[in-house]
Amino acid sequence: MERALLVTLGFKKDKGEWRLEDSAAELEELASACAVEVVDNITCFCDKPTPDLFIGKGKAEELNLIAQEENTDTIIFSGELSGTQQRNLEGVIAKKTIDRTQLILDIFARRAKSPEGKLQVELAQLEYLLPRLTGKGIILSRLGGGIGTRGPGEQKLEVDRRRIRKRIDSLKVDLKGLMLHRQVMRKRRKENALPIIALVGYTSAGKSTLLNSLTNAGQVVSESPFTTLDPLSKNIQLPNGENVVISDTVGFLRDLPHQLIEAFKATLEEVVQADLLIHVLDASHPYVYEYNKAVFAVLKELGIEDKPVITALNKIDLLDDQMWLERLKEDFPECVTVSAKLKTNLDALLEKIGKSFSGRMIQVEVLIPHSRMDLIDLFYRQGKIKAIKYLQEGIKVKVNLPKILYHNLLQRKEIG
C-alpha cells in the first residue's frame, strides 16, 4: 500500500465557507478511496500560492524532512499544482508529488467500468497532463504505477505533445459518437413520451441508494466518493400512471476541476437533457448548505441552473435533532424529506414528481379493435388504465395517457 503525506492549504483569498480541517478531512477521504495509507495530514495557512513551489521554500523543506522520517512515497496537495510547481516540489522533497485533481482522476480511473467511462477518464487525464509536459518530462518518466498515474500510464505515454494531442482528438471523436448514440436513445424516449429525470447531488449523498429503493436497480452503493461513474437509467411508473426514466449520475464535488466537467459531458448530458432534476441532499451532514451551493455551481457551469429541481433531503434516519430538520424544510421550500436507505417517504417523493408532470397526462376513452391487443399492452406500459370493457365491437378503454403519446397515436390513426 502506498504511503502518502497530505498537505491541505488555506489562503487569505479563500472565502472561508469551508473550515481548513474540513477540507483536510475531505482530502483524506479522497486519498482513502485510492487505498492510500495516510501517514500524516498537515494543514497550514499561506498568504497566497507562490509561483515556484506553491508553498514557501521553508515549508517545502519541512515537508521533505517529514517525508523522509515517515518513509513516505507520495505527497498530495489540496490545491492544483502547475507543472513548474510540481517539478520544483519534487526537486526539493524528492518524492512523487500530486495534487487534488490527479487524486480525483485516479479515483475515476479505478471506478470507470464502461468503455465510455474509460474514454472519459483517459481524456481528462491527457488534458490535465498536456500543459505539464515541459522540461525533462518528469511526469512522464514515472507513469505506470501508484496513485495519480493510473489510466493513460498503461498506454505508455513516453510520447511528445503531438501524439498526445492526436490521441485527445481521437478520444473526442469517439466520445462524440457515444453522445450521438445517447441522443438517438433520448429521441426514442421522447417519441415514446418518456420524461427523463436525473438524480444529482454531492458525492455520497445517497443517489444510488435512492435509485435502488425506487427501481430495484441493484446499483453498487458505498460511502466512498464517486462510487457511481457510469450513468444508469431505469424505468419507473409514477402514481398517476405515467412512466418516466430516472438516471443516476456521477456525484459532484466542490471546486470540481473544469477539465473533469468538460471530459464528462457525455455522462453529464443525461443531466443537461433531463426534464426534471432530483437534487439528493444529505440532511445529516453539517455542510448541507455548502454542498447545496457546490452542486448548483456545477449546474451553473453546465448552463442548467434554472432547470426544474425537486430537493430530496436524504438520510433523515441519521438525524436526532428534529428542529434542524424543520429549519432545513424552511430553507428548502417544496422539498421532500426521505430516507433512501429505509425507503421512508418515497411515496411522497413520487407524488411530487407526478405533480411536476401532471400537465403531460390526459384521460381519454377509446375503442380498440380486438386485433390491436398491442395497444392495450402499450396503455398498460405507458399509462394507467382506469377501466376496460371487452365488447363485441372491440375493447373500450378509459386510460390516462401522456399527451404526446396520445397525439402520436391520433396522428398515425391508430386510435380514433
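The shown structure was predicted, so the numbers you read here are calculated from the model rather than taken from an experiment. Values below: all heavy atoms of this structure, side chains included; hydrogens, waters and symmetry mates excluded.
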| message | Using the side chain to side chain donor-acceptor pair (under 3.5 Å) criterion, which residues pair with Thr215? Sequence neighbours excluded. | response | none
| query | Per the side chain to side chain contact (heavy atoms under 4.5 Å, CB included) rule, which among Val364, Asp374, Val366, Asn400 passes with Phe379? | reply | Val366
| task | Check the surroundings of atom NZ in Lys341: do more than 12 heavy atoms from other residues, nucleotides or ligands lie under 6.0 Å from it? | result | no
| Checking salt bridge (Lys or Arg N to Asp or Glu O under 4.0 Å) for the pair Lys172/Glu127: CA distance, chi angles, key distance, verdict? | CA-CA 11 Å; Lys172 287 181 176 179; Glu127 290 188 329; 3.4 Å; yes
| request: Please answer whether the main-chain N or O of Glu28 pairs with a side-chain N or O of Ser32 as donor and acceptor at a distance below 3.5 Å. | output: yes
| Would you say Asp321 has more than 12 foreign heavy atoms packed within less than 6.0 Å of its CG? | yes
| Exercise: do Asp106 and Gln102 side chains pair donor with acceptor under 3.5 Å | no
| task | Report yes if the distance between the aromatic ring centroids of Phe296 and Phe252 is under 6.0 Å, otherwise no. | result | no
| request: Before accepting this row, confirm whether a basic side-chain N of the pair Lys96/Glu2 lies closer than 4.0 Å to the acidic partner's carboxylate O. | output: yes
| note | Trp324 and Ala283 have their tightest heavy-atom pair at NE1-O, 3.2 Å
| request: Could you please spell out the steps behind the side-chain contact (heavy atoms from CB on, under 4.5 Å) verdict for Glu26 and Ser78? | output: CA-CA 9 Å; Glu26 184 174 81; Ser78 60; over 6 Å; no
| Name the one of Ile197, Val244, Ile196 that satisfies side chain to side chain contact (heavy atoms under 4.5 Å, CB included) with Asp275? | Ile196
| If you round to the nearest 0.5 Å, how far is CD1 of Ile246 from CG of Leu214? | 5.0 Å
| request: Could you go through the side-chain contact (heavy atoms from CB on, under 4.5 Å) check for Asn235 and Val245 one step at a time? | output: CA-CA 5 Å; Asn235 285 16; Val245 175; 3.4 Å; yes
| query | Residues in ring pair (Phe, Tyr, Trp, His ring centres under 6.0 Å) with His407, at least two apart? | reply | none
| said: If you apply the rule side-chain contact (heavy atoms from CB on, under 4.5 Å), what do you find for Arg100 with Leu30, and how did you get there? | reply: CA-CA 8 Å; Arg100 180 173 176 265; Leu30 292 171; 4.2 Å; yes
Donor-acceptor pairs are to be reported for all side-chain atoms of residues 347-356 against protein atoms at under 3.5 Å, with residues two or more places apart or in another chain.
unit_1, atom_1, unit_2, atom_2, d
Lys352, NZ, Glu334, O, 3.4
Lys352, NZ, Glu334, OE1, 3.0
Ser356, OG, Lys352, O, 3.2

| field | Evaluation steps, salt bridge (Lys or Arg N to Asp or Glu O under 4.0 Å), between Glu62 and Lys59 | value | CA-CA 5 Å; Glu62 179 187 335; Lys59 193 66 181 179; 3.4 Å; yes
| said: Applying side-chain contact (heavy atoms from CB on, under 4.5 Å) to Tyr406 and Ile415, what does each step give before you reach the verdict? | reply: CA-CA 9 Å; Tyr406 175 65; Ile415 59 174; 3.5 Å; yes
| Should the ring pair Phe77 and Phe54 be called parallel, tilted or perpendicular, given that the plane angle runs from 0 to 90° and is split at 30 and 60? | perpendicular
| Are a donor atom and an acceptor atom from the side chains of Tyr287 and Asp22 found within less than 3.5 Å of each other? | yes
| message | In terms of relative ring orientation, are His285 and Tyr291 parallel, tilted or perpendicular, with 30° and 60° separating the classes? | response | tilted
